[in-house]
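Bear in mind that the values here come from a model prediction, so they are computed numbers and not experimental data. Below, read A as the first sequence line, B as the second, and so on, with proteins coming before strands; counting in each chain starts at 1.
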Number of protein chains: 2
Amino acid sequence: MTPMQGRPTEGAGAAGTGGASRGDTVAAVVGQWQAVHPELDTGPMEIIGRVNRCAALLQQAEDAPLRRAGLSRPEFDLLGALRRTGHELTPSELARETFSSGAAVTKRLKQLTERGLVERRGDTRDRRVAHVRLTDAGRDLVDAILPEQLAYESAVLEVLDPPSQGELSALLAELLGRLEGHMGALRA
Amino acid sequence: MTPMQGRPTEGAGAAGTGGASRGDTVAAVVGQWQAVHPELDTGPMEIIGRVNRCAALLQQAEDAPLRRAGLSRPEFDLLGALRRTGHELTPSELARETFSSGAAVTKRLKQLTERGLVERRGDTRDRRVAHVRLTDAGRDLVDAILPEQLAYESAVLEVLDPPSQGELSALLAELLGRLEGHMGALRA
DNA sequence: CGGAAATGATTTACAGGTAAAACACATGCT
DNA sequence: AGCATGTGTTTTACCTGTAAATCATTTCCG
C-alpha cells in the first residue's frame with residue numbers, strides 16, 4: 001500500500017460507495033494510479049492504504065490527551081503494559097509487550113525512572129535481569145489518563161454508527177488474527 | 001488505543017467471535033485491561049488497537065519488496081506521488097501529497113537526486129519554487145516495483161476471503177472519509 | 001571444575017524525523 | 001520606488017529509534 005499515501009490535489013473520479021461523503025483521499029490516489037496503470041489490480045491498495053491512513057490520523061488525534069500528561073505514546077504503552085499485567089516485568093518482557101526493541105526500552109526506562117514513574121530492582125537469583133514496576137505516581141498517572149484516552153477515542157469513533165463499529169472490529173480481528181498467525185511464512 | 005499495544009504472555013480469556021483462530025493479541029490485551037478496570041468501556045481500543053497493529057504488521061511485511069530496491073517507504077511514497085500525478089511537483093506539493101513535513105521532503109529529495117531518481121529545476125517566474133520530476137531511471141524503478149508491491153500485498157491479504165476484503169475496504173473507506181472530514185473539529 | 005556458548009541488558013554509531021529559525025524571493029500597500 | 005509582510009524552501013538543533021557491538025552473568029557440558 002505504500003504507493004498510495006497521498007492527497008491528490010485534483011480529484012480523479014472515485015464514485016462513492018454509499019452516497020454520503022464523497023471519496024476519501026485513498027480513493028482519489030487509487031484513481032490516479034488506475035489512470036496511469038489501468039492494468040494493475042489496485043484492490044490491495046484500497047485496504048492497506050486505508051489502514052495506514054486511518055492509523056496515522058487516529059494516532060495524531062490520540063496524541064492530544066497524552067501530551068497533556070507529558071508522555072509520548074511509546075512511553076504510555078510501556079506504563080500501560082506494567083499496569084495491565086499487574087506485576088513486575090523485565091526489560092525484555094516489556095520489549096515484547098510493546099513490540100519494540102530492547103534498546104528502545106532501555107532508553108525509555110531511563111527517562112521514566114528519572115521522572116519517578118517506574119522503579120527497578122535487580123533479580124536476586126540472576127544478576128543480569130532487572131525487574132521493573134510502576135511507582136504509585138506511575139500507577140496513578142496511568143489510571144488518570146486511561147479514561148480520558150478511552151473517552152476521546154470513543155468520541156472520534158462516533159463518526160461510525162455502533163453496528164458499523166462492530167463489523168469493523170470483527171473484520172479487523174479476523175485479519176489481525178490471521179496475519180499474526182501467518183506472518184513470517186511469506187518471503188517475496 | 002495507545003494503551004493496548006502489546007502481546008500479553010498469558011492469555012486473558014477473549015472468546016473468539018467467529019470460531020476460527022483464537023483471539024488476536026489485541027483481544028488479549030483488552031482482556032487484561034478489563035480485569036484491572038472492569039468499569040471502562042474498552043470498545044474503542046478494540047478498533048483503534050487493531051488498526052494500529054494491522055498497520056504495523058502490514059508495513060513490516062511490505063518493506064521486503066521495497067528494500068530489495070534500496071528504497072525506504074517514505075522515499076517510495078515520494079516517487080509514487082510524482083509517478084501517479086504524471087507531472088512535476090514542487091517540494092511543498094510533495095509534502096502535502098505524502099503527508100510529511102517540508103523538511104523531511106527536502107532531505108529525501110537530496111538523497112533521491114544524488115541517486116539520479118529525480119531531477120529539480122527552478123521556476124522561471126518565481127525563483128523561490130523548485131519543480132521536481134522523475135528521471136527515466138526513477139520512472140522505470142517505480143514502474144518495476146509497483147507490480148511487485150501489489151502482488152505481495154495481494155498475497156498478504158489473501159488471509160481474508162474476497163467478500164470480507166470488500167466489506168473491510170468499504171468500512172475503512174467510510175471511517176477514513178469521515179475522519180478526514182471531521183478531523184480538527186475535536187479538541188479534548 | 002573450567003571454558004564455550006547463550007542470554008539479558010546496555011552502549012555506540014548512525015539514520016531519519018520534527019519544530020523552529022533562517023533565507024530568499026515575491027507581493028501588496030502607500 | 002520602498003518597506004512590511006507573506007510564502008516556498010532549506011538549515012539547524014535536537015530527539016528517538018534501530019542494528020550491531022559490548023558487557024556481565026549464567027548455563028551447558030566435557
Side-chain angles (χ1 to χ4, degrees), chain A residues 2 5 9 52 55-57 59-60 63-64 66-67 70-79 81-82 88-115 117-133, chain B residues 2 5 9 52 55-56 59-60 63-64 66-67 69-79 81-82 88-115 117-133:
Chain A
T2 285
Q5 282 278 45
T9 318
N52 282 329
L57 281 179
Q59 286 184 14
Q60 173 189 340
D63 278 348
L66 283 183
R67 294 181 95 89
L71 286 177
S72 71
R73 167 198 296 278
E75 285 168 342
F76 189 58
D77 280 349
L78 193 159
L79 297 178
L82 288 168
E88 296 179 329
L89 293 173
T90 68
S92 29
E93 286 170 338
L94 281 168
R96 279 200 309 273
E97 290 287 333
T98 61
F99 300 104
S100 38
S101 71
V105 169
T106 296
K107 288 190 178 181
R108 278 173 223 154
L109 284 178
K110 189 159 69 176
Q111 296 198 140
L112 293 172
T113 305
E114 286 168 1
R115 288 195 244 170
L117 298 174
V118 303
E119 284 174 341
R120 334 177 44 136
R121 118 187 128 70
D123 188 298
T124 34
R125 299 286 184 150
D126 187 338
R127 282 183 303 187
R128 288 171 304 181
V129 333
H131 296 271
V132 181
R133 68 180 164 202
Chain B
T2 285
Q5 281 279 45
T9 318
N52 281 331
Q59 287 185 12
Q60 175 190 339
D63 276 349
L66 283 184
R67 294 180 95 90
L71 286 178
S72 72
R73 167 197 297 278
E75 287 168 340
F76 188 58
D77 280 349
L78 194 159
L79 297 179
L82 288 169
E88 295 179 330
L89 292 173
T90 68
S92 29
E93 286 169 339
L94 281 168
R96 281 200 309 273
E97 289 288 332
T98 61
F99 299 102
S100 38
S101 71
V105 169
T106 296
K107 286 191 179 181
R108 280 174 222 153
L109 284 178
K110 189 158 69 175
Q111 296 199 140
L112 294 172
T113 304
E114 285 168 1
R115 286 195 246 169
L117 299 174
V118 302
E119 284 173 341
R120 332 177 47 137
R121 116 187 130 72
D123 187 298
T124 35
R125 299 286 184 152
D126 187 338
R127 280 185 303 189
R128 289 170 304 181
V129 333
H131 296 270
V132 182
R133 69 181 164 202

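Where A:Thr124 and B:Val129 each meet DNA chain D at their nearest nucleotide, the meeting point lying more 5' is that of B:Val129.
Put simply, CZ on A:Arg120 is 11 Å from C1' on C:dG8, counting in whole angstrom units. Counting to the nearest Å, the C1' atom of C:dA9 and the CZ atom of A:Arg121 are 16 Å from each other. A:Lys110 has its NZ atom 10 Å from the P atom of C:dT10, to the nearest Å. Across the protein-nucleic acid pair, B:Asp126 atom CG and C:dA26 atom P stand 5 Å apart, rounded to whole Å. Computed from coordinates, the A:Arg125 CZ to D:dT26 C1' distance equals 13 Å when rounded to whole Å. Remark: C1' of D:dT9 and CG of B:Leu89 are 15 Å apart, rounded to the nearest angstrom. Atom P of nucleotide D:dA19 and atom CD of B:Gln60 are separated by 10 Å, given to the nearest angstrom. B:Arg73 places its CZ atom 17 Å from the C1' atom of D:dT18, with the value rounded to the nearest Å.
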Walk me through it: do A:Glu75 and A:Leu78 pass the test side-chain contact (heavy atoms from CB on, under 4.5 Å)? CA-CA 5 Å; A:Glu75 285 168 342; A:Leu78 193 159; 5.8 Å; no
Would you sort out whether B:Asp123 and B:Thr90 count as a side-chain contact (heavy atoms from CB on, under 4.5 Å), showing the intermediate values? CA-CA 9 Å; B:Asp123 187 298; B:Thr90 68; over 6 Å; no
Under the side-chain contact (heavy atoms from CB on, under 4.5 Å) criterion, do A:Lys107 and A:Gln111 qualify, and how do the steps go? CA-CA 7 Å; A:Lys107 288 190 178 181; A:Gln111 296 198 140; over 6 Å; no
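What you find for B:Thr98 and B:Arg108 is that their closest heavy atoms are OG1-NH1, 4.1 Å. Closest approach of A:Val132 and A:Pro91 over heavy atoms only: CG2-CD, 4.4 Å. Across every non-hydrogen atom of A:Arg115 and A:Gly70, the tightest pair is NH1-O, 2.8 Å.
A salt bridge links B:Asp126 with B:Arg128: at least one charged nitrogen is closer than 4.0 Å to a carboxylate oxygen.
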Treating primed atoms plus P, OP1 and OP2 as sugar-phosphate and everything else as base, which nucleotides of nucleotides 12-17 of chain D get B, S or - for protein heavy atoms under 4.0 Å? ----SB
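Between D:dT9, C:dC25, C:dA9, one nucleotide has an atom nearer to the side chain of B:Arg128 than all others, and that is C:dC25.
Of the side-chain N and O atoms in B:Arg127, none sit less than 4.0 angstrom from OP1 or OP2 of C:dC23.
Residue contacts for B:Thr90: at a heavy-atom cut-off of 4.0 Å it reaches the sugar-phosphate backbone alone, with no base atom in range.
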